[in-house]
Amino acid sequence: MSTNPYLEGPFAPVREEVTEHHLPVTGRIPPELNGRYFRNGPNPAIVADPHRHHWMSGEGMIHGVRLREGRAEWYRNRWVRSGAVADRLGEPRRGAPVAADLDFAANTHVVSHAGRILALIEAGATIYELTHDLETVGVFDFLGTRQEGFTAHPKLDPRTGELHAVAYVGGLDHVQYLVVDPSGAVARTTNLPVAGASLMHDFALTEDHVVIYDHSVRYRMEAISRGELTPFFWDDAHPARVGLLPRRGGEIRWMELPPCYVSHTMNAYDEGGRVIVDLMRYAGPFDANAHAAPPPSLERWTLDPVAGTVRSHPLDARIQEFPRVNERFVSRPYRYGYTVCCGPMIGAMTPGGSSAPVEATTNALIKHDFERGVTVTREFGLHAAASEPVFVPRADATDEDDGYLLAFVHHPERDAADLVILAAQDLTGEPLARIHLPSRVPLGFHGSWVMDDPDLRPT
């Protein structure tokens with residue numbers, strides 16, 4: 001039996017691809033939810049050495065549920081067909097050939113842009129295009145405008161339709177800020193010199209700025225050949241800093257930080273000449289190779305480009321990750337955010353900023369109301385592993401939180417997952433619907449709701 005935590009329990013990979021139609025539902029699916037819910041995550045096709053397997057190294061598998069007119073029409077799970085995965089499955093390779101050192105089954109995110117479904121990863125590996133039924137088309141090169149990889153966390157500007165990204169590639173002396181136009185082509189590339197390669201897993205976007213985290217977790221591909229499980233390592237000698245780059249051109253302004261690692265941004269916006277960033281921060285050594293890290297903290301950073309200072313303020317002391325918002329408010333002032341709380345709640349920040357102990361729990365979703373300084377928590381039970389929530393606004397919504405939260409939640413009694421649909425304005429109420437899937441969905445990374453295009457015939 002394996003003792004690797006990423007091959008057991010809620011992380012254990014599934015071994016088969018499944019297609020199931022006409023899924024059973026408890027409750028009622030809102031009929032306006034016409035589209036597909038996709039989520040990506042590592043699911044190793046073959047584990048050569050269980051003792052040396054890491055969560056980040058599993059090939060990407062997309063899990064998808066198709067909703068239409070109040071029905072759950074299908075569930076599918078499909079590996080992203082990199083060259084190696086296609087070979088293992090005995091299938092022809094898809095699309096144009098790819099260099100072996102860049103070809104990996106993208107396992108981190110899945111988004112829709114320019115009518116395409118894209119499986120995303122970082123560090124220079126290839127981006128794959130999928131059909132809306134999760135069949136792999138092949139490598140996506142942004143209409144011939146991008147060959148050097150991308151990011152797993154692009155930001156879509158809801159007003160311009162542009163997709164923004166900060167991409168790093170091991171071995172280069174710079175990172176790149178990219179702007180992808182609504183057609184899917186890279187319209188602008190800005191090189192930003194850095195000393196070595198930081199793990200720039202995420203960044204932040206405001207109407208006027210790009211916020212770039214150059215922190216103490218570094219990327220060195222040769223670490224794999226030295227026997228490490230991942231190419232990421234903590235470097236005490238590398239001081240952390242955060243940069244403000246004007247979106248419309250200009251020099252980047254760097255501001256120093258205590259050593260830390262920033263995993264994910266919730267949102268960011270401009271306010272009176274300053275930049276406000278809400279994010280997940282790890283304060284101490286983040287050792288991915290030892291399966292160890294300090295607990296993340298949800299913090300608000302106030303960046304003052306004139307004074308060159310960063311002021312941090314804790315927002316919630318509970319252990320949580322995978323922050324999401326109503327994406328209509330990305331890069332702009334907002335009120336609500338959503339996270340996953342997996343692990344004991346070590347404390348809750350009161351509106352006054354003091355820490356108050358709370359009862360231990362696991363596997364919950366948290367709704368943050370930053371205007372009022374309060375939170376609402378939806379618990380799912382001790383053994384019900386919840387995935388990242390995705391917010392879907394109602395079509396005629398006038399309030400920021402008027403919509404739905406969608407998340408995969410493991411149902412321990414069935415040993416399978418449910419797609420749970422919650423009313424975001426009534427998080428503690430009964431779920432609007434539980435769509436019962438035929439198999440488990442291992443804990444993974446990030447996903448998206450892809451709404452049907454009303455101008456296209458649905459498939």
Side-chain angles (χ1 to χ4, degrees), residues 5-6 42 52-57 101-102 104 107-108 121-125 148-153 165-177 190-204 210-245 251-265 268 277 279-299 301 303 308-312 314 319 321-323 445:
Y6 297 127
R52 298 196 53 74
H53 175 75
H54 193 281
W55 192 25
M56 298 177 187
S57 63
D101 60 336
L102 300 179
F104 183 72
N107 68 3
T108 312
I121 195 169
E122 60 197 66
E148 299 85 12
F150 198 55
T151 179
H153 283 288
V166 172
Y168 70 94
V169 177
L172 298 184
D173 61 356
H174 62 272
V175 297
Q176 292 185 320
Y177 164 53
T190 302
N191 291 339
L192 303 170
V194 294
S198 288
L199 168 56
M200 294 188 183
H201 180 62
D202 203 351
F203 70 104
V210 184
V211 184
I212 299 174
Y213 314 122
D214 183 14
H215 41 60
S216 304
V217 176
R218 313 290 279 161
Y219 175 90
R220 186 177 294 159
M221 197 62 209
E222 57 267 28
I224 299 293
S225 61
R226 294 201 310 266
E228 299 290 350
L229 300 181
T230 77
F232 308 117
F233 66 100
W234 181 269
D235 185 358
D236 280 317
H238 185 76
R241 58 182 183 167
V242 59
L244 280 181
L245 176 69
E251 296 295 320
I252 190 169
R253 172 68 188 272
W254 292 105
M255 289 162 275
E256 294 185 357
L257 298 167
C260 67
Y261 168 61
V262 176
S263 60
H264 297 111
T265 301
V277 189
L279 47 75
M280 307 305 306
R281 173 179 175 265
Y282 293 77
F286 182 97
D287 190 347
N289 294 291
H291 310 301
S297 174
L298 177 58
E299 296 185 357
W301 289 3
L303 312 182
T309 58
V310 181
R311 180 168 56 87
S312 65
I319 299 173
E321 254 289 6
F322 299 108
F445 295 140

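Not measured: the values here are computed from a predicted model. Counting from 1, the numbers follow the sequence of the chain as shown. Computation of the quantities below employed the complete heavy-atom set of this structure, encompassing side-chain atoms and omitting hydrogens, waters and symmetry-equivalent molecules.
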Heavy-atom closest pair (P259 atom, A240 atom, distance to 0.1 Å) is CA-CB, 4.2 Å
By side chain to side chain contact (heavy atoms under 4.5 Å, CB included), L172 pairs with (sequence neighbours left out) V169, H174
When rounded to the nearest 0.5 Å, the distance separating NE2 of H201 from OH of Y168 is 8.0 Å
Rounded to the nearest 0.5 angstrom, the CG-CG distance for L199 and D235 is 12.5 Å
Looking only at heavy atoms, the pair that brings I319 and P296 closest together is CG2-CD, 4.1 Å
Open item on the list: Has N107 got a side-chain atom pairing as donor or acceptor with S57's backbone, closer than 3.5 angstrom?
Closed with: no
In terms of heavy-atom contacts, P323 and H264 come closest through CD-CB, 3.6 Å
To the nearest 0.5 Å, atom CD1 of I121 lies from atom CZ of F104 at 5.0 Å
Is there a side-chain contact between V175 and L192, using heavy atoms and a 4.5 Å cut-off? yes
Nearest heavy-atom contact between W301 and R281 is CZ2-CD, 3.7 Å
Sorted by chain and residue number, the salt bridge (charged side-chain N to carboxylate O under 4.0 Å, His left out) partners of E148 (sequence neighbours excluded) come out as R146
- Hey, does E256 have a side-chain heavy atom less than 4.5 Å from the side chain of P239? no
Hits for salt bridge (charged side-chain N to carboxylate O under 4.0 Å, His left out) against D214, two or more places apart or cross-chain, chain-then-number order -> R218, R241
Check your understanding: Backbone N or O of L279 within a donor-acceptor pair of the T265 side chain at under 3.5 Å?
Key -> no
One should read off an interatomic distance between L257 CG and T309 OG1, to the nearest 0.5 angstrom, of 11.0 Å
By ring pair (Phe, Tyr, Trp, His ring centres under 6.0 Å), Y213 pairs with (sequence neighbours left out) none
Across all chains, not counting sequence neighbours, the ring pair (Phe, Tyr, Trp, His ring centres under 6.0 Å) partners of F445 are W55
So CZ of R253 and CG of L303: to nearest 0.5 Å the spacing works out to 11.0 Å
Minimal heavy-atom distance between D202 and S263, with the atoms involved, is CB-O, 3.3 Å
- request: With the side chain counted from C-beta on, respond yes when L244 and V211 share a heavy-atom pair under 4.5 Å apart, and no when they do not.
  value: yes
(message) Before we go on, tell me: are the rings of F203 and H153 under 6.0 Å apart, centre to centre?
(response) no
Between A152 and E122 the two heavy atoms that sit nearest each other are CB-OE1, 4.1 Å
Sorted by chain and number, sequence neighbours left out, ring pair (Phe, Tyr, Trp, His ring centres under 6.0 Å) with H215 holds for Y261
